[in-house]
Amino acid sequence: VEGGGTYTDVSPTALNAMLARKDFLLVNVHVPYAGEIARTDRFVPFDAIEAGLGKLSVRKGAKVVLYCRSGAMSAIAARALVKAGYTDVWNLTGGMVAWEDSGFPIIRRPR
């Protein structure tokens with residue numbers, strides 16, 4: 001990431017295992033709403049992540065996992081969080097598309 005720092009890409013299978021012992025904030029950054037992964041904690045638009053840091057309500061060293069529909073918006077949001085000083089940022093590779101393709105369910109609610 002520009003200015004130093006990195007984020008970690010995580011596969012759907014690895015994220016599913018992480019959810020079994022969830023110790024992180026799971027954030028859907030996709031706009032408009034296109035579904036969600038169970039146990040999602042927050043919804044913050046990818047292009048408003050810097051303005052919405054207060055909505056995250058976690059210290060900058062806390063583990064934050066981001067996802068969107070395809071992985072593109074969450075990668076942008078991950079870079080923004082790293083630039084803002086967050087040190088344990090994760091991004092779901094391939095987003096909800098890859099999650100569903102791996103056999104995991106997507107929740108779709110009227111919004």
Side-chain angles (χ1 to χ4, degrees):
V1 176
E2 308 81 29
T6 60
Y7 64 87
T8 303
D9 285 322
V10 62
S11 71
T13 302
L15 177 57
N16 187 59
M18 289 167 62
L19 284 167
R21 59 186 188 289
K22 189 169 181 283
D23 63 349
F24 55 89
L25 185 72
L26 183 60
V27 183
N28 182 338
V29 298
H30 190 77
V31 287
Y33 179 82
E36 64 195 78
I37 295 170
R39 302 187 70 194
T40 296
D41 298 299
R42 306 273 190 287
F43 296 86
V44 181
F46 82 100
D47 56 354
I49 197 87
E50 290 174 88
L53 291 178
K55 290 182 183 177
L56 296 180
S57 305
V58 293
R59 67 191 194 298
K60 290 188 175 185
K63 184 185 294 184
V64 179
V65 179
L66 306 172
Y67 72 93
C68 63
R69 190 186 63 76
S70 69
M73 291 178 183
S74 55
I76 292 167
R79 283 193 299 276
L81 285 185
V82 170
K83 284 174 65 176
Y86 286 77
T87 58
D88 199 1
V89 179
W90 297 61
N91 175 49
L92 175 60
T93 304
M96 289 184 282
V97 171
W99 178 262
E100 204 164 32
D101 287 349
S102 296
F104 304 118
I106 295 294
I107 300 165
R108 291 183 173 83
R109 303 175 193 203
R111 300 276 296 174

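We're numbering straight along the sequence, starting at 1.
- A distance of 8.5 Å separates CG in Asp88 from CG in Asp23, rounded to the nearest 0.5 Å.
- A donor-acceptor contact shorter than 3.5 Å links the side chain of Asn28 to the backbone of Gly35.
- Side-chain atoms of Val27 and Phe46, non-hydrogen and from C-beta on, never get closer than 4.5 Å to each other.
- Cluster membership check: Met73 does not share its hydrophobic cluster with Val65, using side-chain heavy-atom separations under 4.5 Å among Ile, Leu, Val, Met, Phe, Trp and Tyr.
- Looking only at side-chain heavy atoms (C-beta outward), Leu15 and Phe24 come within less than 4.5 Å of each other.
- Screening residues 37-49 for side-chain hydrogen bond (donor to acceptor under 3.5 Å, both in side chains), with sequence neighbours left out, gives Lys22-Asp41, Thr40-Tyr67.
- Under the 3.5 Å distance criterion, the side-chain polar atoms of Tyr33 are matched with a main-chain donor or acceptor of Arg109.
- Under the 4.5 Å side-chain heavy-atom criterion for Ile, Leu, Val, Met, Phe, Trp and Tyr, Leu26 and Val29 are members of distinct hydrophobic clusters.
- Contact detail for His30 and Met96: the closest heavy-atom pair is CB-CE, 4.5 Å.
- One N or O on the side chain of Trp99 and one on the backbone of Pro105 form a donor-acceptor pair closer than 3.5 Å.
- Under the 4.5 Å side-chain heavy-atom criterion for grouping Ile, Leu, Val, Met, Phe, Trp and Tyr, Tyr7 is not connected to Leu92 through any hydrophobic cluster.
- Within the 4.5 Å cutoff, no side-chain heavy atoms of Lys60 are placed close to those of Thr87.
- Residues Ile106 and Ile37 are in side-chain contact: their nearest non-hydrogen atoms beyond the backbone lie under 4.5 Å apart.
- No side-chain heavy atom of Phe43 sits under 4.5 Å from any side-chain heavy atom of Val31.
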Worked check of side-chain contact (heavy atoms from CB on, under 4.5 Å) between Leu81 and Leu53: CA-CA 8 Å; Leu81 285 185; Leu53 291 178; 3.4 Å; yes
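- In the hydrophobic clustering of this structure, Trp90 groups with Leu19; members are Ile, Leu, Val, Met, Phe, Trp, Tyr whose side-chain heavy atoms approach within less than 4.5 Å, directly or through other members.
- Note on Val89 and Ile76: same hydrophobic cluster, where clusters join Ile, Leu, Val, Met, Phe, Trp and Tyr whose side-chain heavy atoms are under 4.5 Å apart, directly or indirectly.
- For Ala72, the side-chain contact (heavy atoms from CB on, under 4.5 Å) partners at least two apart in sequence or on another chain are Ser70.
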